[in-house]
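Working notes, structure below.
Whatever order the structure lists ligands and atoms in, that order sets their numbers, starting from 1. Counting begins at 1 with the first residue of the sequence. Every heavy atom of this structure was used, including side-chain atoms; hydrogens, water molecules and symmetry mates were not.
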Amino acid sequence: MSIALIWAEARGGVIGDGGTIPWHVPEDLAHFKELTLGGTVVMGRRTWQSLPERFRPLVGRRNVVVTRDRDFAAAGAEVGHSLDEVLDASVRDESSAPVWVIGGGDIYAQSLARASRLEITEVDLDIAGDTRAPRIDPALWAVAHETDWLESRTGIRYRFVSHSRR
Ligand SMILES: CCc1nc(N)nc(N)c1OCCCOc1ncccc1N1CCC(C(F)(F)F)CC1
């Protein structure tokens with residue numbers, strides 16, 4: 001089973017600000033849900049805690065939270081204490097669905113080297129944020145597919161870009 005990273009970013013790679021996603025693009029939520037359903041989602045503790053209650057745990061997916069805190073409990077999720085251990089354990093299970101790394105910034109940076117696929121939603125917004133997605137090196141990653149720029153019902157332009165490792 002392969003490792004895939006999935007995120008939504010505004011211009012300059014902004015993915016978050018103060019623990020929240022500073023835009024609302026419902027079509028991205030639907031995209032995220034459609035891609036990850038049935039698989040395993042791996043996230044950092046802060047992303048787990050940022051999930052609105054009604055979305056915690058993410059139903060229809062195996063939820064795994066990575067934290068150094070040995071006392072951390074996450075109802076409806078498994079807790080792991082090292083990203084590598086979590087990825088090794090998740091990748092070992094024989095199902096074909098990828099392991100989806102769903103955030104946040106630190107976890108993306110630590111897991112990028114092991115990923116074979118990136119599913120990035122580009123949001124056409126120039127917005128402040130304290131967290132950025134890792135830089136994607138075009139020498140290592142090829143754009144496998146990208147949609148045209150689409151317009152969200154909230155008026156924000158966005159597109160879906162799939163990268164695969166060269
Ligand atoms: C969707 C946001 C999102 N987009 C892409 N493309 N990649 C991600 N890694 C991602 O962050 C998932 C974890 C954070 O998620 C949320 N953070 C704040 C508010 C809401 C959420 N969502 C709402 C939809 C819900 C559903 F299960 F319905 F998809 C999941 C939780």
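- Closest protein heavy atom to atom 17 (N) of ligand 1: Ile21 CD1, 3.7 Å.
- For Glu119 (side chain) and Ala8 (main-chain N/O), no donor-acceptor pair under 3.5 Å exists by modelled atom type.
- The nearest heavy-atom contact from the protein to atom 29 (F) of ligand 1 is Phe32 CD2, 3.2 Å.
- If you look at Tyr158 and Trp149, their ring centroids are not closer than 6.0 Å.
- Heavy-atom contacts of Tyr108 reach the following atoms of ligand 1: 9 (N) (cutoff under 4.0 Å).
- Below 4.0 Å from some heavy atom of Lys33 lie the following atoms of ligand 1, by number and element: 28 (F), 29 (F).
- Within the 3.5 Å criterion, the main-chain N or O of Gly104 finds a donor-acceptor partner in the side chain of Thr47.
- Between the side chains of Thr147 and Arg159, not a single donor N or O lies within less than 3.5 Å of an accepting N or O.
- Considering each of Ile102, Ile107, Val123, the one bringing a non-hydrogen atom nearest atom 11 (O) of ligand 1 is Ile102.
- Under the 3.5 Å distance criterion, the side-chain polar atoms of Trp100 are matched with a main-chain donor or acceptor of Leu35.
- Note on ligand 1: His24 sits outside its first shell, no heavy atom being nearer than 4.0 Å.
- Residue contacts with ligand 1 for Pro52 involve side-chain atoms from C-beta outward but no N, CA, C or O (heavy atoms, distance under 4.0 Å).
- With ligand atoms numbered from 1 in the order given, ligand 1 contributes 6 (N), 7 (N), 8 (C), 9 (N) to contacts under 4.0 Å with heavy atoms of Ile6.
- Distance alone, capped at 3.5 Å, places no donor-acceptor pair between the Ser116 side chain and the Ser2 backbone.
- Closest approach of Thr121 and His31 over heavy atoms only: OG1-CD2, 3.7 Å.
- The backbone N or O of Arg61 sits less than 3.5 Å from a side-chain atom of Asn63, completing a donor-acceptor pair.
- Classification of Arg166 and Asp137 as a salt-bridged pair fails, no side-chain N sitting under 4.0 Å from a carboxylate O.
- Proximity of Phe55 to Leu58: side-chain heavy atoms (C-beta onward) are separated by under 4.5 Å at one or more points.
- The aromatic rings of His163 and Trp141 stand perpendicular to each other, their planes meeting at an angle above 60°, with 30° marking the opposite boundary.
- Taking atom 31 (C) of ligand 1 as the reference point, the nearest protein heavy-atom neighbour is Leu51 CD2, 3.8 Å.
- The two residues Gly18 and Asp130 have their closest heavy-atom pair at N-OD2, 2.7 Å.
- Closest to atom 30 (C) of ligand 1, if we only count protein heavy atoms, is Leu58 CD2, 3.5 Å.
- With hydrogens left out, the protein atom closest to atom 25 (C) of ligand 1 is Phe55 CD2, 3.5 Å, a heavy atom.
- The proximity of Trp7 to ligand 1, defined as any non-hydrogen pair under 4.0 Å, is limited to the backbone.
- The proximity of Glu122 to ligand 1, defined as any non-hydrogen pair under 4.0 Å, does not occur for either the backbone or the side chain.
- Of the protein's non-hydrogen atoms, Asp28 OD1, 2.7 Å is the one closest to atom 6 (N) of ligand 1.
- Below 3.5 Å of separation, one finds no N or O of His31 facing any N or O of ligand 1.
- Here Leu29 has heavy atoms under 4.0 Å from ligand 1 in both its backbone and its side chain.
- Close contacts between ligand 1 and Thr121 involve ligand atoms 6 (N) [criterion: under 4.0 Å to a heavy atom].
- Contacts with ligand 1 closer than 4.0 Å are made by no heavy atom of Tyr158, backbone or side chain.
- Near Arg61, meaning under 4.0 Å from one of its heavy atoms, ligand 1 places the atoms 27 (F).
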